[in-house]
Amino acid sequence: MKKHIYRPIEALLERVIDETPNIKTFVIKPLEPFSFKTGQFVELVVPGVGEAPFTPSSSPLKTDKIEITIMKAGFVTDRLHAMKGGEKLGIRGPYGTSYPVESFHGKEVLILGGGVGLAPLRSLLYTLLSDVSKFTKIILAYGSKTPGDVVYKYLFPEWNKTRGLEILKSVDVCPVDMDWEGEVGLVTCLLDKAKFDPQKTAAVVCGPPVMMKFSTMKLISLGFDPKDIYLSMEANMSCGLGKCGHCQIGEYFICKDGPVFTYDKLKHIGDPFV
Amino acid sequence: MLDPPNFVYSPRSLAIIFDFFYPPVEPRRLFVPSSLRTARIRMQYFINRQNLSRFLLKVLSARSLFALKEKSADYEWAKFSTDTVEHVVTGRYRAAIPPKMFFFPPSEVLDSPEPFPSAVLGVKSCDIRLLHTSDGIFLGGSAEDDFYKRKRADTLLISADCTDCKDTCFCVKMGLNPWPEKNFDINLSPIAEGFVVECGSNIGEDLVRQSPNLFQKAIDQQTREKEKNRRAVAEKVAAQNSRFDWREPSEIVAASENSTLWKDGSISKTCVECDGCRWVCGSCYCFLLGETQGFWDKTRTWDSCQSAGYARVAGGSNPRREKYQRLRNYYMCKLVYRPKNFGLLACSGCGRCIEVCPGKIDIRESLQKLSGAIPRK
């Protein structure tokens with residue numbers, strides 16, 4: 001196969017894990033060596049249909065397979081959700097910047113996730129947990145719409161047992177017929193419950209734009225330095241190489257200059273979260 | 001061999017729709033196409049019309065030749081052959097469509113980069129800057145685009161002075177003159193008896209030297225005539241833009257990002273979102289990657305940041321939901337972001353966007369309005 005910068009490598013969809021009614025995790029085996037750093041994204045190609053950007057949710061230390069958690073939200077993801085184990089996919093990347101995990105050493109790490117935004121954060125969490133003694137504390141604050149929209153339900157019991165990891169959960173609403181042991185309210189309400197020192201904490205935020213906007217505002221009001229707030233700006237990325245222009249926000253190409261940014265780099269842009 | 005770009009057959013509507021002064025450039029971020037290896041302009045030659053045709057026959061023995069063809073008041077690009085080469089014209093002003101399409105066609109299959117031995121004749125000063133800006137995108141950044149690079153590297157650029165201007169031309173307001181200074185292989189300056197020829201690259205110099213019977217050393221009278229012609233056109237362009245007193249477009253647009261003029265002050269009011277400005281712009285680069293039926297090949301087609309759905313993400317959020325935000329982004333991209341990222345102003349004053357706009361949006365007028373909205377230094 002002739003190589004060029006837009007050409008994907010072949011991959012095999014090994015299996016599909018149902019997370020919620022509209023979110024699935026895809027276990028993918030690239031047929032050529034493939035590795036990524038936590039926070040980087042890939043373009044997943046459905047041959048003859050299209051491609052879309054996703055950030056792997058598996059540990060970057062696991063290089064034989066990658067897992068990608070995908071919400072059904074459009075043309076390509078609809079097709080992906082209809083796929084079954086054994087089908088062929090393409091994968092391009094990895095692209096963009098990663099979380100500067102080493103700069104978190106000696107600090108508290110506050111991970112703030114919303115909805116399917118927990119997917120890239122799970123990859124970060126695995127990275128942090130692989131070297132957990134390097135961090136003072138890890139706090140995972142996760143908010144979803146309802147208890148039925150929580151992803152990785154089967155992993156929380158194990159995470160709850162992990163030393164050095166504190167987990168807080170919230171749902172926007174809890175229907176009367178559902179059980180829920182966490183908070184009810186927007187994800188920002190968890191920031192009032194969590195105990196951290198804003199001066200010694202790196203906050204990592206990923207979720208829908210509106211969640212990121214209000215989470216960032218809350219973190220600033222709690223005394224966080226904009227340099228300590230890391231945002232995963234999942235824009236409309238396409239080529240992944242800073243060429244096609246789709247993901248441009250301000251002077252940045254999110255695919256090349258991001259997707260991981262500190263708020264400090266984005267705050268001059270009118271409203272980067274809209 | 002790739003098929004020649006088919007835009008020469010585009011409908012008339014599309015044709016219509018369509019240092020000394022380079023700003024400081026950061027060398028590490030800029031790509032210099034292999035066909036444009038810069039060489040100091042050393043010698044000026046003279047060639048008459050008949051010998052130019054002979055020279056182009058030689059060029060045609062190794063390359064395809066695309067040049068200008070007059071069509072009403074405009075010029076369109078056409079492929080010339082040995083039978084038609086005598087009809088090649090250098091053009092009084094730029095073609096209706098920028099030469100970017102030779103290197104970044106409106107639609108292409110990204111299979112494998114193929115040789116593209118071509119010569120493009122009639123490229124103007126404004127077009128050369130526009131090509132330089134797309135070089136920044138396709139050849140700079142995190143990876144080089146093999147498809148663009150191959151075509152760019154394989155193409156001989158034969159530029160030409162403008163001998164007249166359209167009423168939409170404003171190159172002098174964007175720091176350019178209506179004649180190329182560098183980044184060409186060969187430049188032709190029309191004079192009464194023929195052309196004064198300058199070589200801007202080693203390839204151009206070699207080609208000229210290989211035909212000593214066709215080129216003579218230019219005499220003083222000829223170079224003086226060339227200079228006189230150049231001054232006359234520059235003065236004409238300056239005169240037709242004398243009502244605009246703005247300078248430093250980057251600063252004006254950056255300082256007025258939050259101006260209400262974008263939305264309420266009629267800058268975007270008459271925009272009908274036809275994308276015409278984007279299609280005729282020689283510095284626009286946005287594209288859409290699509291799938292082909294061939295399992296792993298991709299198609300690339302032009303896309304427009306003026307389209308409402310262009311920046312929308314899967315969840316429905318859109319950083320540029322409103323029309324005025326998109327038009328503002330168009331100006332910001334060319335006049336603020338590209339100088340910031342690539343050291344190049346991505347507008348050369350070719351005026352194609354003005355010519356094509358059904359809403360009569362004139363970037364010169366917009367800058368005039370915006371310059372009044374920010375405090376003068």
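The figures that follow rest on heavy atoms only: side chains count, while hydrogens, waters and symmetry mates do not. Within every chain, numbering begins at 1; the chains are lettered A, B, ... in the order of the sequence lines, protein sequences first and strands thereafter.
The backbone N or O of B/V313 lies less than 3.5 Å from no partner atom in the side chain of A/N236, so there is not a single donor-acceptor pair. Remark: side-chain polar atoms of B/Y310 are paired, donor with acceptor, to backbone N or O of A/G245 under 3.5 angstrom. Between the side chain of A/K243 and the main chain of B/G140, a donor-acceptor pair closer than 3.5 Å is present.
Counting non-hydrogen atoms of neighbouring residues, nucleotides and ligands closer than 6.0 angstrom, the NZ atom of A/K153 exceeds 12 such neighbours. Around NZ of A/K37, the count of heavy atoms belonging to other residues, nucleotides or ligands within 6.0 Å does not exceed 12. Taking a 6.0 Å sphere around CZ of B/R312, one finds it holds 12 or fewer heavy atoms contributed by other residues, nucleotides or ligands.
With a 4.5 angstrom heavy-atom cutoff, B/C333 touches chain A only via side-chain atoms. In this structure, no portion of B/R338 lies under 4.5 Å from any heavy atom of chain A. Contacts of A/V49 with chain B are made by backbone atoms alone, with heavy-atom separations under 4.5 Å and no side-chain atom involved. Contacts between A/F253 and chain B at a heavy-atom distance below 4.5 Å involve the side chain alone, from C-beta outward. Within the 4.5 angstrom heavy-atom criterion, no atom of A/V76 approaches chain B.
With rounding to the nearest 0.5 Å, the separation of CG in A/L241 from CD in B/E144 is 12.0 Å. Here CD of A/E43 is found 8.0 Å from NZ of B/K298. Values are rounded to the nearest 0.5 Å. With values rounded to the nearest 0.5 angstrom, A/C244 atom SG is found 8.5 Å from B/Y285 atom OH.
Using a 4.5 Å heavy-atom cutoff, the side chains of A/R7 and B/D297 are in contact. Looking only at side-chain heavy atoms (C-beta outward), A/C239 and B/F287 come within less than 4.5 Å of each other.
Between the side chains of B/D145 and A/Y6, a donor-acceptor pair is found at a separation under 3.5 Å.
Under the 30°/60° scheme for interplanar angles, the aromatic rings of A/H4 and B/F147 are found to stand perpendicular.
What you find for A/G50 and B/E291 is that their closest heavy atoms are N-CG, 3.2 Å. The two residues A/H246 and B/D303 have their closest heavy-atom pair at NE2-OD2, 2.7 Å.
Note on B/D146, B/L289, B/N329, B/V336: by heavy-atom pairs under 4.5 Å with chain A, the leading option is B/L289.
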